[in-house]
Amino acid sequence: MSGRSSFQGSKFGHVFGKPASRRQSFDGLPITRSVHDTHCCTVNPAFIAVVTECSGGGAFLVLPINDTGRVDPLQPRVCGHRAQVLDVKWNPFDDHCIASCSEDCTVKVWDIPVGGVQRNLTWATKTLVGHSRRVAIIEWHPTAENLLLSSAYDYKVLLWDLSQPGSVLRSPVRVLMGPLLSRCPADALLLSVSFSADGSALAVTSKDRRVRTLDPRTGQILQVSSRGQHRANKVLFISERMLLSTGCSPWNQRQMVLWDTEDLSEPLYEEELDGAAGVLFPFYDQDTNMLYLAGKGDGNIRYYELSTEKPYVRFLTEFRSLLPQRGLGVMPKRGLNVKACEVYRFYRLICVKDLVEPLSMIVPRKEPGVFHEDLYPPTAGNQAAMTAQEWLSGVNRGPVLMSLKPGTRVTNPYPELAPERGLNRQLSSQCIHMEPDFTALTPAGMGFIEEAFYEEQLSYQDLKFSHDVCDLSDWTVDETFLPLWSYCCTPHCCEPRERPPPNSEPEAFYKQQEEIRELREQLNQREDRISQLEVEIKITRNNMRASF
């Protein structure tokens, strides 16, 4: 009876999904076809970023959130990576700061100008070069400013402090996980990560399909799930005492499982969903206690209501569409339309239509134009609760709450941080194409990291790249290992005339530039040429008719 009472009188029983029209969507986006199980999309109230299909390197688009409709094929991109971009994440405390990870073994942090990307953005504000294999996962800390976690295929999980000086960082403040004695254990290759609400705990799933909880400051493993029937793929913190993971059973039936964070030996709740093959992405709204499950390649999104008491889970309904989704971006709560009773908003990546479709989850009310306080309790805002140094010293703080009611403000219980983001963003928008400061490559804070790790990275770099960092005349792509330093070359999607001539064969270079210029002129004159050919066709037809 207590299980039923936890859901009795729920106000979310009639939630429905309302997709946006084609005009209110982002049409004509060349969405990436990468097979990695990431969303490839991130959203905030100002911008939307989508990883795009791009030959010869990696790039992603950043568009103003209200600039919907048909996207210009020549839209400027963020294209500083030398290989395919795998994931992007907005800084939760700065709507103009975004991080991206790539197969070129680097993580880059970009400052987006206030007016958006007006031309190809090539130089990053920060470049993190601590990995020796492709970086697949990045995640911002939920409450501390300037803390970014990265996980790569070199079996290392690193924590970075972006407040350190210099544009190129080689030294992470923490090495949470890594290979031991030259081994590559399956438990060190992460598939998913999730911070708790205050950032004091970290939940991960690994290649061995088990769920683990870690101390993100030391990397100490606190709990490990048993080798049971559930093969976990994605994990999510529901509360301080509950985890949710999605995966499959030994019979390839997709599952969702609830865990007690204090004891991962046995699951609290387990449910089989269907036999589809796509990865299930979980999304949880702590303000409404609603869980959304969306499968990669599926056209439907299931929603549930969760409770801390049995039976824990209550199925509500599902949104169905004929168009499959490749990934989904989620709008933060501060960007929702509260007057329309919107409690959640997805941005579905539909590759078959080159479309990004907003999908609003709406609670039907008789008075939709009024703010309903029961639907919008104080939620996590865009203000950091502490600095990176405070969190590293052992301080734990919950998120700074804000009210979604227009004209109201929740008092910050913590001392406010110095607003330095606006100045940095203004300088970055004025100096987009400035080269990074390579004089700042000296590692800082050696007391925070393991000396063996740093020596390993330096020995690898010296062995493979013995020449100077700025000398890239003989640079070639290696598919197994990519360089651990920032590149000084102009990325692939810049115009050919912007590239400097090579040190060897300058005559061939200038000849090729002349051919490119002639082809571009012919392309610009294509309309006149088409009209001329149409006139010639008409004259030829008239002559043929007159001859008969």
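Here the structure is a predicted model, which is why all the values come from computation and not from measurement. In what follows, residues are counted from 1 in the order of the sequence shown.
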With sequence neighbours excluded, what pairs up with His230 under the ring pair (Phe, Tyr, Trp, His ring centres under 6.0 Å) test?
none
For Trp259, enumerate each residue passing the ring pair (Phe, Tyr, Trp, His ring centres under 6.0 Å) test, keeping only those at least two apart in sequence or located in another chain.
none
Distance from Ile31 atom CD1 to Leu61 atom CG, nearest 0.5 Å?
10.0 Å
Looking at His96 and Ile112, would you say the former's side chain and the latter's main chain have a donor-acceptor pair under 3.5 Å?
yes
Do Val78 and Lys108 touch side chain to side chain, with heavy atoms closer than 4.5 Å?
no
Mind telling me whether His141 and Phe195 have parallel, tilted or perpendicular rings, with 30° and 60° as the class edges?
tilted
The criterion is side-chain hydrogen bond (donor to acceptor under 3.5 Å, both in side chains); which residues satisfy it with Ser163, sequence neighbours excluded?
Asp161, Gln389
Ala59 and Cys79 have their tightest heavy-atom pair at CB-CB, 3.8 Å
Can you confirm whether the side chains of Thr106 and Asp104 place a donor and an acceptor under 3.5 Å from each other?
yes
Leu328 side chain reached by Arg348 side chain, heavy atoms, under 4.5 Å
yes
side-chain contact (heavy atoms from CB on, under 4.5 Å), that's the test. Do Asn396 and Trp391 meet it? Break it down for me.
CA-CA 6 Å; Asn396 289 326; Trp391 183 83; 4.0 Å; yes
When you compare the side chain of Leu159 with that of Pro172, does any pair of heavy atoms fall below 4.5 Å?
no
Please list, chain by chain and in numerical order, all residues satisfying side-chain hydrogen bond (donor to acceptor under 3.5 Å, both in side chains) with Gln286, sequence neighbours excluded.
none
Side-chain contact test, heavy atoms from C-beta onward, threshold under 4.5 Å: evaluate it for Phe93 versus Trp140 and give yes or no.
no
Evaluate the criterion side-chain contact (heavy atoms from CB on, under 4.5 Å) for residue pair Val330 and His39; output intermediate values, then yes/no.
CA-CA 10 Å; Val330 175; His39 297 296; over 6 Å; no
Give the minimum heavy-atom separation between Pro113 and Phe47, together with the two atoms involved.
O-CZ, 3.8 Å
The criterion is side-chain hydrogen bond (donor to acceptor under 3.5 Å, both in side chains); which residues satisfy it with Ser200, sequence neighbours excluded?
Asp198
Would His131 and Tyr153 count as a close aromatic pair, with their ring centres under 6.0 Å?
no
Should the pair Tyr344 and Tyr292 be assigned to parallel (<30°), tilted (30 to 60°) or perpendicular (>60°) ring geometry?
parallel
What class does the angle between the rings of Phe26 and Tyr347 fall in, given that below 30° is parallel, 30 to 60° is tilted and above 60° is perpendicular?
tilted
Backbone N/O of Glu262 and side chain of Gln223: donor-acceptor pair under 3.5 Å:
yes
Distance from Leu169 atom CG to Leu158 atom CG, nearest 0.5 Å?
12.0 Å
For Ser102 and His81, indicate whether the former's side chain and the latter's backbone hold a donor-acceptor pair under 3.5 Å.
no
Is there a side-chain contact between Val356 and Val71, using heavy atoms and a 4.5 Å cut-off?
no
Okay, side chain of Asp154, backbone of Ser132: is any donor-acceptor separation there less than 3.5 Å?
yes
Residues pairing under salt bridge (charged side-chain N to carboxylate O under 4.0 Å, His left out) where one sits in residues 32-45, two or more places apart or in two chains, turn out to be Arg33-Asp354, Asp37-Lys296
Phe60 CZ to Cys41 SG distance, which is reported to the nearest 0.5 Å:
11.5 Å
Please name the pair of heavy atoms, one in Cys351 and one in Arg326, separated by the smallest distance, quoted to 0.1 Å.
SG-CB, 3.5 Å
Can you tell me how far the CZ atom of Arg334 sits from the OG atom of Ser403, to the nearest 0.5 Å?
14.0 Å
Evaluate Asn233 against Leu280 for side-chain contact (heavy atoms from CB on, under 4.5 Å), listing each step before the verdict.
CA-CA 8 Å; Asn233 192 294; Leu280 273 177; over 6 Å; no
From Gln383 atom CD to Thr143 atom OG1, the distance as rounded to the nearest 0.5 Å:
12.5 Å
With a 3.5 Å distance limit and no angle check, can you tell me whether Ser194 reaches the backbone of Ala203 through a side-chain donor-acceptor pair?
no
When every non-hydrogen atom of Ala384 is compared with those of Glu145, the smallest separation belongs to CB-CB, 3.8 Å
Between Thr38 and Leu86 the two heavy atoms that sit nearest each other are OG1-O, 2.7 Å
Give the C-alpha distance, both sets of side-chain angles, the deciding distance and a yes or no for side-chain contact (heavy atoms from CB on, under 4.5 Å) between Gln164 and Val173.
CA-CA 10 Å; Gln164 294 180 355; Val173 293; 3.5 Å; yes
Which atom names give the shortest non-hydrogen contact between Pro358 and Ser25, and what distance separates them?
CD-OG, 3.5 Å
Can you check whether Ile138's main-chain N or O pairs, donor with acceptor, with Lys89's side chain at less than 3.5 Å?
yes
Across all chains, not counting sequence neighbours, the salt bridge (Lys or Arg N to Asp or Glu O under 4.0 Å) partners of Asp67 are none
State, yes or no, whether a side-chain contact exists between Val193 and Val157 at a heavy-atom distance under 4.5 Å.
no
List in chain and number order the residues that pass side-chain contact (heavy atoms from CB on, under 4.5 Å) with Asp72, two or more places apart in sequence or in another chain; answer none if no residue qualifies.
Leu74, Gln75
Between Trp110 and Ser100, is any side-chain donor less than 3.5 angstrom from a side-chain acceptor?
yes
Can you run down the side-chain hydrogen bond (donor to acceptor under 3.5 Å, both in side chains) pairs that involve residues 41-52, sequence neighbours left out, and say none if there aren't any?
Thr52-Arg77
Output yes when a side-chain donor or acceptor of Arg227 lies under 3.5 Å from a complementary backbone atom of Arg210, and no otherwise.
no
Can you name the residues that form a side-chain contact (heavy atoms from CB on, under 4.5 Å) with Ser393, not counting sequence neighbours?
Val395
pair Pro142-Pro92: side-chain heavy atoms closer than 4.5 Å:
no
What's the spacing between His36 NE2 and Cys101 SG if we round to 0.5 Å?
9.0 Å
With sequence neighbours excluded, residues passing salt bridge (Lys or Arg N to Asp or Glu O under 4.0 Å) with Lys126
none
Is any side-chain heavy atom of Leu202 closer than 4.5 Å to a side-chain heavy atom of Leu176?
yes
The side-chain hydrogen bond (donor to acceptor under 3.5 Å, both in side chains) partners of Thr205 (sequence neighbours excluded) come to none
